[in-house]
*Asks:* 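Can you read through this structure? Questions will come right after.
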Protein chains: 2
Amino acid sequence: MQELVDRLKAISDMTRLKIFKLILEQEFSVCELARLLSISQPAVSQHLRRLKAVGLAEEERRGQWIYYKGCQKELVSLTKQLASFFADPIDSIEGFSDIVTLLANRASLDAECTNQKEL
Amino acid sequence: MQELVDRLKAISDMTRLKIFKLILEQEFSVCELARLLSISQPAVSQHLRRLKAVGLAEEERRGQWIYYKGCQKELVSLTKQLASFFADPIDSIEGFSDIVTLLANRASLDAECTNQKEL
DNA sequence: TCGATACATAAGCATATAATTAAATTATAG
DNA sequence: CTATAATTTAATTATATGCTTATGTATCGA
């Protein structure tokens, strides 16, 4: 579940989302991306690092340049992760164990919220 | 495109993602969510406000309590938005117009990055 | 009307994020 | 080997985020 959040965070930034879309279409060097997005090269580098960290981008050095491309496969994987998260029952999702326990008897949960609710 | 980013941001936080999943399954009062997540009531309130702001949550007051539920419909909409974003050609996505212009002749883009690349 | 409960809003604080400039790497060309 | 170019990493800064505590608002019951 943490991985899903990390990946969502990776694409929920306007600049990174644009970068990701661009490198999914074709390869780009860091310099080219900086020009396209009108931001500094280090900024692009750092965004690419984050995309790479969650598996959404790959780099390939060719001579002086490093070309980045988006991972279609991991995009599909992310999409599926997201779909599963919402489709699966809560008690089958890791990260909800504590919550599921509390949820098990909602009566006592309610009782903790008020002492009149169920009267 | 900004809307997509806003919606992605709304669910790319561990706590909000949990809240969203919970209220998609069934209604919960703010107090109940606070108990389930072991965070303060105002914290829950603020997360719910963000989810509501992007249409992913709805509230319904019943007496003293306000019950929140997730919007299945808007979840589907978000999923589609995301799928379209990656499926559509770049020049059909609003927000890429400046980039598309630059991309139009990549030769000059490359030239800006180096004076030797194409030699 | 008064007191208690549920929720929202405001204020404050610590941390995360996204950008920039500057310095360190890595690779090519001579 | 040295100079130059592309990239990364580091340092800095401004802003956003998420949480808490404190305060305000609304509903219910006595």
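Nothing here was measured: the structure is a model prediction, and the numbers come from that model.
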*Asks:* Does anything in residues 43-55 of chain B pair up under side chain to side chain donor-acceptor pair (under 3.5 Å), and if so which pairs, sequence neighbours excluded?
*Replies:*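 For residues 43-55 of chain B: B:Arg16-B:His47, B:Lys52-B:Glu59.
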
*Asks:* My understanding is that only residues two or more places apart in sequence, or in another chain, count here; which of them pass disulfide (SG to SG under 2.5 Å) with A:Cys31?
*Replies:*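 Only B:Cys113 meet the disulfide (SG to SG under 2.5 Å) criterion with A:Cys31.
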
*Asks:* Among residues 2-14 of chain B, which residues get a heavy atom nearer than 4.0 Å to DNA chain D?
*Replies:*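 Per residue number, the list reads B:Lys9, B:Asp13.
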
*Asks:* Of all residues at least two apart in sequence or in a different chain, which pass the side chain to side chain donor-acceptor pair (under 3.5 Å) check with B:Glu58?
*Replies:*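 Side chain to side chain donor-acceptor pair (under 3.5 Å) check on B:Glu58 returns nothing, list empty.
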
*Asks:* Looking at residues at least two apart in the chain, or sitting in another chain, which of them share a side-chain contact (heavy atoms from CB on, under 4.5 Å) with A:Gln2?
*Replies:*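 A:Gln2 satisfies side-chain contact (heavy atoms from CB on, under 4.5 Å) with A:Val5, A:Asp6, B:Met14 once adjacent residues are dropped.
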
*Asks:* End-to-end bend of the helix from C:dT1-D:dA30 to C:dG30-D:dC1 (five-pair axes, 10° rounding)?
*Replies:*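 For the helix from C:dT1-D:dA30 to C:dG30-D:dC1, the axes at either end differ by 20°.
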
*Asks:* What residues form a side chain to side chain donor-acceptor pair (under 3.5 Å) with A:Ser77, not counting sequence neighbours?
*Replies:*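 Scan of A:Ser77 (side chain to side chain donor-acceptor pair (under 3.5 Å), adjacent residues dropped) gives A:Arg7.
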
*Asks:* In B/S/- notation, 5' to 3', how is nucleotides 21-28 of chain D contacted by protein heavy atoms closer than 4.0 Å?
*Replies:* BB----BS

*Asks:* Mind checking what makes ring-ring contact (aromatic ring centres under 6.0 Å, His included) contact with A:Phe86, not counting sequence neighbours?
*Replies:*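 By the ring-ring contact (aromatic ring centres under 6.0 Å, His included) rule, A:Phe86 matches B:Phe20.
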
*Asks:* Taking side-chain contact (heavy atoms from CB on, under 4.5 Å) as the definition, give me every residue that meets it alongside A:Ser40, ordered by chain and number, with sequence neighbours left out.
*Replies:*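 A:Ser40 satisfies side-chain contact (heavy atoms from CB on, under 4.5 Å) with A:Pro42, A:Ala43 only.
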
*Asks:* In a table with atom names and distances, give each donor-acceptor pair under 3.5 Å that connects a side chain of residues 88-102 of chain A to protein atoms at least two apart or in another chain.
*Replies:*
residue, atom, partner, partner atom, Å
A:Ser92, OG, A:Pro89, O, 2.8
A:Glu94, OE1, A:Met1, N, 3.3
A:Glu94, OE2, A:Met1, N, 2.1
A:Thr101, OG1, A:Ser97, O, 2.9

*Asks:* Quick one: side chain to side chain donor-acceptor pair (under 3.5 Å) pairs with a partner in residues 18-27 of chain A, sequence neighbours left out?
*Replies:*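 Applying side chain to side chain donor-acceptor pair (under 3.5 Å) to every pair that reaches into residues 18-27 of chain A, excluding sequence neighbours, yields A:Lys21-A:Glu25, A:Glu27-A:Arg62.
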
